[in-house]
Number of protein chains: 2
Amino acid sequence: MSQRNTQVTNQPTPATDDCPLPEVLALIGGKWSAQVLVELGEGPRRFTQLERAITGISRRMLTVSLRDLERNGLVTRTVYPDSPPRVEYATTSLIEDIREPLEALTNWARLAAPAITAARRAYDSSADSPR
Amino acid sequence: MSQRNTQVTNQPTPATDDCPLPEVLALIGGKWSAQVLVELGEGPRRFTQLERAITGISRRMLTVSLRDLERNGLVTRTVYPDSPPRVEYATTSLIEDIREPLEALTNWARLAAPAITAARRAYDSSADSPR
DNA sequence: CGGTATCCAGGGAGATACTG
DNA sequence: CAGTATCTCCCTGGATACCG
């Protein structure tokens, strides 16, 4: 008898339950995943290409991010039996449909950045003491 | 040389590429922020309203999320000097412009969910042998 | 009602070293 | 070139208790 949860949520359906937005953000919300996707959006890239394009990323985190994206079907990994070894990463068709929303978000970020900075400053100086 | 530095922002911010997508995701990429925004998108809400609408959130995390969103100028907090105390949260105009991209992402999530699940299953079963 | 304060577990992420 | 393997740090987020 696997009883779920002893919570008293007898409400029908909370509006946020069927909202998969947090799950999307979990997919690409990692520190580097978004940048990897953006870079791969330009076209297929090799490992070291990505490593050099994304400032500050380590080999490990690049690997982890790529594996994660690959696991979720967002990028493909193709190994060419060359010497030296050559591996190419590319976005899948799954990505195509979020390119535009993602670009919209990026665009929004550029426009909203000043306001956000101002809001932060105002909040930080009024809420409590600096330092 | 190829210094394309036109801004006077001498902040110690991590000078990533000129792609602010990661920063957007940092704004709303928390576990609950997105759901709070979605809920507030329906209209102004009180604290306990939010707490009950968002299944699984704790008081602390709701407070933290709201404070964070408020600090970044994405939501407002209005205290009415009533008894019992009454506090209302609402989205700011900053949010208006990302409502649509966010909804697009949500929509994409619904459509892509099966493919993602399948990709995960395939990856997990083919990557290597369990055990 | 609308929060804070405190403690604690888990994992995201960095640094470093080694490998086919 | 394209990764793994550890080890560690620290931040996020959960649980609980208390406060104005």
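Proteins come first, then strands; the chains are lettered A, B, ... in the order of their sequence lines, and each starts at number 1. Both backbone and side-chain heavy atoms feed into the values below; hydrogens, waters and symmetry mates do not.
- Summarising the geometry, the separation between CZ on B/R86 and P on C/dC1 is reported as 13 Å, rounded to the nearest angstrom.
- At the heavy-atom level, B/S58 lies nowhere under 4.0 Å from the strands shown.
- The backbone N or O of B/G73 sits less than 3.5 Å from a side-chain atom of B/T92, completing a donor-acceptor pair.
- If you measure from atom CG of A/D82 to atom C1' of D/dA2, you get 13 Å, rounded to the nearest angstrom.
- For the OP1/OP2 pair of D/dA2 and a distance below 4.0 Å, the side-chain nitrogens and oxygens of A/R46 include at least one atom meeting the criterion.
- To the nearest angstrom, C1' of D/dT4 lies 14 Å from CG of A/L62.
- In this structure, of C/dA13, D/dG3, C/dG3, it is C/dG3 that holds the atom nearest to the side chain of B/R67.
- Rounded to an integer number of Å, the gap from CD1 of A/I57 to C1' of C/dA15 is 15 Å.
- One interatomic measurement links the two molecules: CZ of B/F47 to C1' of D/dC19, which rounds to 14 Å at whole-angstrom precision.
- Atom P of nucleotide D/dC1 and atom CD of A/E88 are separated by 14 Å, given to the nearest angstrom.
- In this structure, B/Y89 reaches the sugar-phosphate backbone alone: every heavy-atom distance under 4.0 Å involves primed, P, OP1 or OP2 atoms, never a base.
- Of all heavy-atom pairs between B/R120 and A/L27, the closest is NH1-CD2, 4.5 Å.
- Atom CE in B/M61 sits roughly 17 Å away from atom C1' in C/dG2 (whole-Å rounding).
- Place A/R59 and A/G56 on DNA chain C by their nearest nucleotides, and A/G56 ends up nearer the 5' end.
- What separates CZ of B/R45 from P of C/dG3 is a distance of 16 Å, to the nearest Å.
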- request: Start with the C-alpha distance between A/R45 and A/Y89, add both sets of side-chain angles, then the distance that settles side-chain hydrogen bond (donor to acceptor under 3.5 Å, both in side chains), and finish with yes or no.
  value: CA-CA 5 Å; A/R45 295 291 143 97; A/Y89 293 90; over 6 Å; no

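- Contact annotation: A/W32 does not reach the phosphate of C/dG12 (side-chain N/O to OP1 or OP2, under 4.0 Å).
- DNA chain C is contacted by both A/P85 and A/G30; A/G30 maps to the nucleotide lying nearer its 5′ end (nearest heavy atom per residue).
- Here the closest heavy-atom approach between residue B/K31 and residue B/Q35 is recorded as O-NE2, 3.8 Å.
- In plain terms, the two heavy atoms of B/L40 and B/L50 that are nearest each other are CD2-CD2, 3.9 Å.
- For C/dG2, one of the phosphate oxygens OP1 or OP2 lies less than 4.0 angstrom from a side-chain nitrogen or oxygen of B/T48.
- Not one side-chain nitrogen or oxygen of A/R77 sits closer than 4.0 Å to the OP1 or OP2 atom of D/dA2.
- In this structure, A/R60 reaches the bases: a heavy-atom distance under 4.0 Å links it to at least one base atom across the strands shown.
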